[in-house]
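Worksheet: the structure to be examined is printed underneath.
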Amino acid sequence: DVQLQASGGGLVQAGGSLRLSCAASGFVSDDYAIGWFRQAPGKAREGVSCISRTDGSTYSFDAVKGRFTISSANAENTVYLQMNSLKPEDTAVYYCALSYYSGSNCRRVALAGMDYWGKGTQVTVSS
């Protein structure tokens, strides 16, 4: 079974940075997309960024464009989310998720719904 382990969350002041990691295991194909999502208290879950393992293409949703960067270390089966210039509104539980996918449009996959989810990691940004 696919397993995803998110880590790296914590408490940071506004303007600071954090790097989240998502370690993936148990997948049976190298064609997949991994996405980062977040859910703040009382709000719906929203997409943050995603990456296609097939060709390394990435996508970041508008709220984090220019501040967050997704990357992968394929040899380690790990995806990272570098979060810079953090704002209090970035406070949420962050989740990583995976779907088998062989294309380069991970945004479509993220919006359609991911197949496997890990437990989240809390990110709190103080003002």
ask   = Taking C-beta and beyond as the side chain, do Leu81 and Phe68 meet within less than 4.5 Å on heavy atoms?
value = yes
Tell me if a side-chain donor or acceptor on Thr121 pairs with a main-chain N or O of Tyr94 at a distance below 3.5 Å.
no
If you define the side chain from C-beta out and look only at heavy atoms, does anything of Gln5 sit under 4.5 Å from Lys119? no
message: Other residues, nucleotides and ligands only: do more than 12 of their heavy atoms fall within 6.0 Å of CD on Gln3?
response: no
message: Over 60° means perpendicular and under 30° means parallel, so tell me whether Tyr100 and Tyr116 are parallel, tilted or perpendicular.
response: perpendicular
Of all heavy-atom pairs linking Ser104 and Ser57, the shortest is O-OG, 3.0 Å
Keeping the roles fixed (side chain from Thr91, backbone from Val125), state whether a donor-acceptor pair exists under 3.5 Å. yes
Is there side-chain contact between Phe27 and Asn77, with at least one heavy-atom pair below 4.5 Å? yes
- request: Check whether any side-chain heavy atom of Ser49 lies under 4.5 Å from a side-chain heavy atom of Thr58, and answer yes or no.
  value: no
Any heavy-atom pair between the side chains of Ile34 and Arg53 that's under 4.5 Å?
no
Salt bridge present between Asp90 and Lys87 (N-O < 4.0 angstrom) = no
Tell me whether the count of non-hydrogen atoms from other residues, nucleotides or ligands lying under 6.0 Å of NZ in Lys65 goes above 12. yes
On a heavy-atom basis, the closest approach of Leu20 and Gly9 is CD2-N, 3.5 Å
d(Arg45 CZ, Tyr95 OH) to nearest 0.5 Å is 8.0 Å
Residues Leu4 and Ala24: closest non-hydrogen pair is CD2-CB, 3.6 Å
When rounded to the nearest 0.5 Å, the distance separating CZ of Arg67 from OG of Ser17 is 10.5 Å
Heavy-atom donor-acceptor pair, Ser52 side chain to Cys106 backbone, under 3.5 Å | no
Self-check item: Check: Phe37 ring centre within less than 6.0 Å of Trp117 ring centre
Solution: yes
CG (Leu98) and CD1 (Ile51) are apart, to the nearest 0.5 Å, by 12.0 Å
| request: Please tell me if the side chains of Leu111 and Phe61 come closer than 4.5 Å, counting only heavy atoms from C-beta onward. | output: yes
Can you tell me if CD on Gln39 sees more than 12 non-hydrogen neighbours from other groups inside 6.0 Å? yes
I'd like to know whether CG of Asp1 has more than 12 heavy-atom contacts from other residues, nucleotides or ligands below 6.0 angstrom.
no
Closest heavy-atom pair, Ala14 versus Ser127, reported as atoms and distance to 0.1 Å, is CB-CA, 4.4 Å
The reported gap from OG1 in Thr54 to CG in Asp31 (rounded to nearest 0.5 angstrom) is 4.0 Å
